[in-house]
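Structure record follows, encoded as structure tokens.
Letters A, B, ... are given to chains in the order of the sequence lines, protein chains preceding strands, and every chain is numbered from 1.
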Amino acid sequence: MPELPEVETTRRGIAPHVVRHRITHIVVRHPQLRWPVPAELVREAKGLLVEACERRGKYLLLRTAKGTIIVHLGMSGSLRLVDDKTPAAKHDHVDIVLDSGQALRLTDPRRFGAVLWTHEDPLQHELLSDLGPEPLGMEFNGEYLYTASRGRTVNVKQFIMDSKVVVGVGNIYASEALFLARIHPSRKAGSLSKARCEALAEAIRNVLTAAIKQGGTTLRDFVGGDGKPGYFAQQLNVYGRTGEACPVCGTAIKQMKQGQRSTYYCPRCQR
DNA sequence: AGAGGTACCTGGCAGC
DNA sequence: TGCTGCCAGGTACCTC
């Protein structure tokens, strides 16, 4: 997926076209996503005014007076605005059709994404209620990371990818942040000094901020809400660069597996 | 509670 | 060309 910068780029792209527009209806072509798209959503969303388009972690929230549509893009999902009459392609599973003549179209080949509907405060929804702090928010800092990591024996890479610790750090930016903070991905989270936690928090914040500024990272087929690709891929220091020279010291970038996911790092810079 | 593994699903690519 | 196996942005859920 879309990591946090891609989701935020999507949010910014679609918000002006969605907020203060009415949903005329919702078309579900393939309800079997991570969870079935609720029939109740299709029934109830007709005619509702979208009041806000927000993000919590990697979840997008379309708020209406009656309830909130929760969208997650999974690994391969994207949301784009299309003309209502644009023919649907193979993996175009859901359209949220708007009174503007446009539709918010969810495309998701792997179908790990989700479209859900809740009448309650979406932040209290079971998928969102245990999420850690926003990495770009005030609560997320070195002090927090230091406290949260005490006693944790898991490696620091999987630690920062744990959404209960902090949201929005996916597989790409985890490697990138650890590189910037010069921390070895295999290091046990609980072994980090406070100073290194501060460096790590800053690195996470910096890499995500830079990626959002660039409109996300384009890998394969990601495009933002306005259809423009992201440009951050060019700035990746280590991700996907096995064997290439470390931009700092020239040592060959290494790759390994952690929790079934690829990690990239400089064996010399990162300790 | 925490750590580690599995599962969900499709498509692209390398290698034979 | 076609087959097989591996890889891919996430995360809930299971067991130990």
Side-chain angles (χ1 to χ4, degrees), chain A residues 1-11 29-37 55-60 70-80 89-94 106-116 125-132 135 147-177 185-191 204 207-208 211-212 214-224 229-233 235-236 238-243 255-264:
Chain A
M1 133 177 177
E3 295 198 26
L4 186 142
E6 286 72 20
V7 179
E8 178 61 17
T9 299
T10 298
R11 189 194 68 76
R29 299 186 193 82
H30 196 144
Q32 294 306 317
L33 301 181
R34 172 123 203 199
W35 295 281
V37 178
R55 179 187 60 74
R56 171 74 175 104
K58 296 174 190 166
Y59 293 91
L60 284 165
I70 301 175
V71 180
H72 196 288
L73 300 177
M75 286 275 255
S76 58
S78 61
L79 268 183
R80 260 181 284 180
K90 187 173 178 184
H91 301 297
D92 295 343
H93 305 312
V94 178
L106 174 71
T107 305
D108 185 6
R110 291 176 74 178
R111 290 190 275 120
F112 289 169
V115 177
L116 301 170
H125 188 279
E126 56 184 12
L127 291 174
L128 287 96
S129 61
D130 287 335
L131 293 177
T147 304
S149 61
R150 292 312 86 186
R152 297 293 301 270
T153 59
V154 70
N155 67 68
V156 62
K157 196 247 190 172
Q158 288 184 270
F159 177 73
I160 59 173
M161 287 180 70
D162 180 349
S163 63
K164 291 190 180 63
V165 172
V166 56
V167 296
V169 182
N171 202 41
I172 298 177
Y173 300 117
S175 282
E176 292 299 311
S186 296
R187 176 171 285 282
K188 304 239 175 279
S191 78
I204 289 170
V207 74
L208 294 178
I212 291 170
Q214 301 279 319
T217 302
T218 297
L219 294 176
R220 303 173 198 285
D221 58 357
F222 175 79
V223 286
Y231 290 98
F232 194 70
Q235 293 180 214
L236 297 175
V238 291
Y239 186 87
R241 298 194 184 278
T242 312
Q255 176 179 5
M256 66 174 160
K257 288 283 182 194
Q258 290 180 300
Q260 275 81 290
R261 311 297 300 281
S262 286
T263 302
Y264 303 84

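Distance CZ/A/Phe159 to CZ/A/Arg187: 14.0 Å, rounded to 0.5 Å. One distance of note links NZ of A/Lys157 with CG of A/Asn171; it measures 3.5 Å at 0.5 Å rounding. Between the CZ atom in A/Arg56 and the OG atom in A/Ser129 there is a gap of 10.0 Å [rounded to 0.5 Å]. Separating the CD atom in A/Gln258 from the OG atom in A/Ser175 is a distance of 7.5 Å, to the nearest 0.5 Å. To the nearest 0.5 angstrom, A/Ser76 atom OG is 8.5 Å from A/His91 atom NE2. In this structure, the separation between NE2 on A/His93 and CZ on A/Arg111 is 5.5 Å, given to the nearest 0.5 Å.
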(message) Checking A/Leu106 against A/Leu33 for the side chain to side chain contact (heavy atoms under 4.5 Å, CB included) test, could you report, in this order, the C-alpha distance in whole Å, the side-chain angles of both residues, the deciding distance, and whether it holds?
(response) CA-CA 11 Å; A/Leu106 174 71; A/Leu33 301 181; 3.7 Å; yes
(message) If you apply the rule side chain to side chain donor-acceptor pair (under 3.5 Å), what do you find for A/Lys257 with A/Ser262, and how did you get there?
(response) CA-CA 5 Å; A/Lys257 288 283 182 194; A/Ser262 286; 3.3 Å; yes
(message) A/Thr263 vs A/Met161, test: side chain to side chain contact (heavy atoms under 4.5 Å, CB included). Steps then yes/no.
(response) CA-CA 12 Å; A/Thr263 302; A/Met161 287 180 70; over 6 Å; no
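Among the protein residues, A/Gln32 comes within range of no part of the nucleic acid, since none of its heavy atoms lies under 4.0 Å from any strand. Among the atoms of the strands shown, only primed sugar atoms or phosphate atoms (P, OP1, OP2) are found under 4.0 Å from some heavy atom of A/Lys257.
Rounding to whole angstrom units, CD1 of residue A/Ile160 and P of C/dG10 are separated by 12 Å. Distance CG (A/Leu116) to C1' (C/dG10): 14 Å, rounded to an integer number of Å. Rounding to whole angstrom units, CG of residue A/Asn171 and P of C/dC7 are separated by 13 Å. With rounding to whole Å, A/Ile212 atom CD1 is found 19 Å from C/dG9 atom P. If you measure from atom NE2 of A/His93 to atom C1' of B/dG11, you get 12 Å, rounded to the nearest angstrom. In this structure, CD of A/Gln158 is placed 10 Å from C1' of B/dG5, rounded to the nearest angstrom. Whole-Å rounding puts the A/Asp92 CG to B/dT10 C1' distance at 14 Å. One can place CZ of A/Arg55 at 14 Å from P of C/dG10, the figure rounded to the nearest angstrom.
Closest to the side chain of A/His91, out of B/dG11, C/dG9, C/dA8, is B/dG11. Side-chain proximity of A/Ser262 to C/dA8, B/dG11, C/dG9: nearest is C/dA8. Taking every side-chain heavy atom of A/Gln255 into account, C/dA8 is the closest of B/dT6, C/dG10, C/dA8.
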Taking only N/O atoms, report every protein-nucleotides 1-3 of chain B pair under 3.5 Å with atom names and distance.
from: B/dA3; atom 1: OP1; to: A/Thr153; atom 2: N; distance (Å): 2.5
from: B/dA3; atom 1: OP1; to: A/Thr153; atom 2: OG1; distance (Å): 2.9
from: B/dA3; atom 1: OP1; to: A/Val154; atom 2: N; distance (Å): 3.0
from: B/dA3; atom 1: OP2; to: A/Arg152; atom 2: NE; distance (Å): 2.6
from: B/dA3; atom 1: OP2; to: A/Arg152; atom 2: NH2; distance (Å): 2.6

Would you list the protein and nucleotides 12-16 of chain C atom pairs, both N or O, that sit under 3.5 Å from each other?
from: C/dA12; atom 1: OP1; to: A/Tyr59; atom 2: OH; distance (Å): 3.0
from: C/dA12; atom 1: O4'; to: A/Arg34; atom 2: NH2; distance (Å): 2.8

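Side-chain N/O atoms of A/Arg111 and base N/O atoms of B/dC9 include no donor-acceptor pair closer than 3.5 Å. At a cut-off of 3.5 angstrom, the base of C/dA8 holds at least one donor-acceptor pair with the side chain of A/Arg110.
The minimum heavy-atom distance linking A/Ala114 with A/Arg34 is given by the pair CB-CB, 4.4 Å.
In this entry B/dT10 has C/dA8 as its Watson-Crick or G-U wobble partner, both defining distances falling under 3.5 Å.
Stacking annotation: A/Phe112 is not stacked on the base of B/dC9 (requires ring centroids less than 5.5 angstrom apart and an interplanar angle below 30 degrees).
Annotation: side chain of A/Leu127 is in contact with side chain of A/Leu116 (closest heavy-atom distance under 4.5 Å).
The side chain of A/Arg261 places an N or O atom within less than 4.0 Å of a non-bridging phosphate oxygen (OP1 or OP2) of C/dG9. Dashed line: the shortest gap from a side-chain N or O of A/His72 to OP1 or OP2 of C/dG10 is not under 4.0 Å.
Between the C1' atoms of C/dG9 and B/dA3, the separation comes to 24 Å (whole Å). Taking atom P on both nucleotides, C/dC14 is separated from B/dC9 by 16 Å, rounded to a whole Å.
Mapping A/Lys188 and A/Lys90 onto DNA chain B by nearest heavy atom places A/Lys188 at the nucleotide closer to the 5' end.
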